[in-house]
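Read through the structure below, which is laid out as structure tokens, and then see the notes.
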Amino acid sequence: MNNVKINNEINLTYPDGFNEMGEEELKKYFGTPNNRWGVHDAPNHVILSVCWTKKGFFSFFADPESFLIGAESRLHKRLLNYQRIGQFKTKIASKKAQGIRFEYRVNDSVIVQVCDLYAFKHKNKIYAVYYILRKNDAIEKLPAFEEILKSITAE
């Protein structure tokens, strides 16, 4: 298991076999490396990423549900065959969290991806945790993400 501190506020544990993503990889998969951390297990086609909002006036009023609405709107425009397939409420780091599960295709690929996206608020910032994998592997690999979510603590 690997431990990491993200943005000097969030602690997270993730399984062995993941490699930290560099700036170029973060740009490739998420459009920007700004305010984002990520790792990937390339042989198994799994990505784990955390992003956060900047501290500021508007982030003071933001909440996880609003963040997800905005994120979903952007994702729907950028991803082929975007479809929400689930919605969740839970606690992450003792904070209320909202989550969605969606599937999509990248470019003209026939491979369907699944993503679990959870958002929670800590110190006037919204943190979003992404777990992306192939749909065919979801049943086998999503339990690992549940353990990652349970490992998250906030300082």
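The basis for the numbers below is simple: all heavy atoms, side chains too, and nothing from hydrogens, waters or symmetry mates.
Within the 4.5 Å cutoff, the side chain of Trp37 has no heavy atoms near those of the Asn7 side chain. Residues Asn136 and Ile111 form no side-chain contact, since every pair of their non-hydrogen atoms from C-beta on lies 4.5 Å or further apart. At least one side-chain heavy atom of Tyr127 sits under 4.5 Å from a side-chain heavy atom of Val50. Side-chain atoms of Leu149 and Val129, non-hydrogen and from C-beta on, do get closer than 4.5 Å to each other. Looking at heavy atoms from C-beta onward, Leu75 lies out of side-chain contact with Tyr104 at the 4.5 angstrom threshold. In this structure, Gln113 and Arg134 have side chains that are in contact, with non-hydrogen atoms separated by less than 4.5 Å. Side chains of Ile132 and Phe30 form a contact here, defined as non-hydrogen atoms less than 4.5 Å apart. Side-chain contact between Tyr14 and Leu12 is present, with heavy atoms from C-beta onward closer than 4.5 Å.
Of the charged side-chain nitrogens involved, none lies within less than 4.0 Å of a carboxylate oxygen, so that Glu155 and Lys123 do not count as a salt-bridged pair. Between Glu25 and Lys28 no salt bridge is recorded (no basic side-chain N to carboxylate O distance below 4.0 Å).
Tracing side-chain contacts under 4.5 Å through hydrophobic residues (I, L, V, M, F, W, Y), one reaches Leu48 starting from Ile6; they form part of the same cluster. Val4 and Ile10 fall within the same hydrophobic cluster, defined by Ile, Leu, Val, Met, Phe, Trp and Tyr side-chain heavy atoms under 4.5 Å apart, directly or through other members. Hydrophobic cluster membership differs between Ile47 and Ile148, with clusters built from Ile, Leu, Val, Met, Phe, Trp and Tyr side chains linked at under 4.5 angstrom.
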Hey, can you pull the donor-acceptor pairs under 3.5 Å for the side chains in residues 93-102, sequence neighbours left out?
from   : atom 1 : to     : atom 2 : distance (Å)
Arg101 : NE     : Asp116 : OD1    : 2.5
Arg101 : NH2    : Asp116 : OD2    : 2.9

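Going from atom OG of Ser66 over to atom NZ of Lys121 covers 9.0 Å, rounded to the nearest 0.5 Å. Taking CD1 from Ile92 and CD1 from Ile152, the interatomic distance works out to 5.0 Å, rounded to the nearest 0.5 Å. Here the OH atom belonging to Tyr131 is positioned 10.0 Å from the CD atom belonging to Glu146, to the nearest 0.5 angstrom. Rounding to the nearest 0.5 Å places CG of Asp137 at 9.5 Å from CG of Leu142.
The backbone N or O of Thr53 lies less than 3.5 Å from no partner atom in the side chain of Asn35, so there is not a single donor-acceptor pair. His45 places no side-chain N or O within donor-acceptor distance of the main-chain N or O of His40, the cut-off being under 3.5 Å. Side-chain atoms of Asp63 come within 3.5 Å of backbone atoms of Glu65 as a donor-acceptor pair (strictly under, hydrogens ignored). A donor-acceptor distance shorter than 3.5 angstrom exists from the side chain of Asn2 to the backbone of Pro15, with no hydrogens or angles considered. Thr13 places no side-chain N or O within donor-acceptor distance of the main-chain N or O of Ser151, the cut-off being under 3.5 Å.
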Begin from the C-alpha positions of Tyr82 and Lys77 and carry the test side chain to side chain contact (heavy atoms under 4.5 Å, CB included) through to its verdict. CA-CA 8 Å; Tyr82 175 92; Lys77 292 175 187 173; over 6 Å; no
Decide yes or no on side chain to side chain contact (heavy atoms under 4.5 Å, CB included) for Phe120 and Thr90, but give the supporting numbers first. CA-CA 9 Å; Phe120 64 99; Thr90 191; over 6 Å; no
Begin with the C-alpha distance, continue with both residues' side-chain angles, and end with the deciding distance and a verdict on side chain to side chain contact (heavy atoms under 4.5 Å, CB included) for Tyr130 and Arg36. CA-CA 11 Å; Tyr130 293 76; Arg36 182 174 291 279; 3.7 Å; yes
With salt bridge (Lys or Arg N to Asp or Glu O under 4.0 Å) as the criterion, how do Glu103 and Arg84 come out once you've worked through the C-alpha distance, each side chain's angles and the decisive distance to 0.1 Å? CA-CA 7 Å; Glu103 59 185 45; Arg84 183 196 290 194; over 6 Å; no
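A tilted orientation is assigned to the rings of Phe145 and Tyr118, their planes being inclined by 30° to 60°.
What you find for Ile126 and Ala119 is that their closest heavy atoms are CG2-CB, 4.1 Å. Across every non-hydrogen atom of Ala128 and Leu117, the tightest pair is CB-CD1, 3.9 Å.
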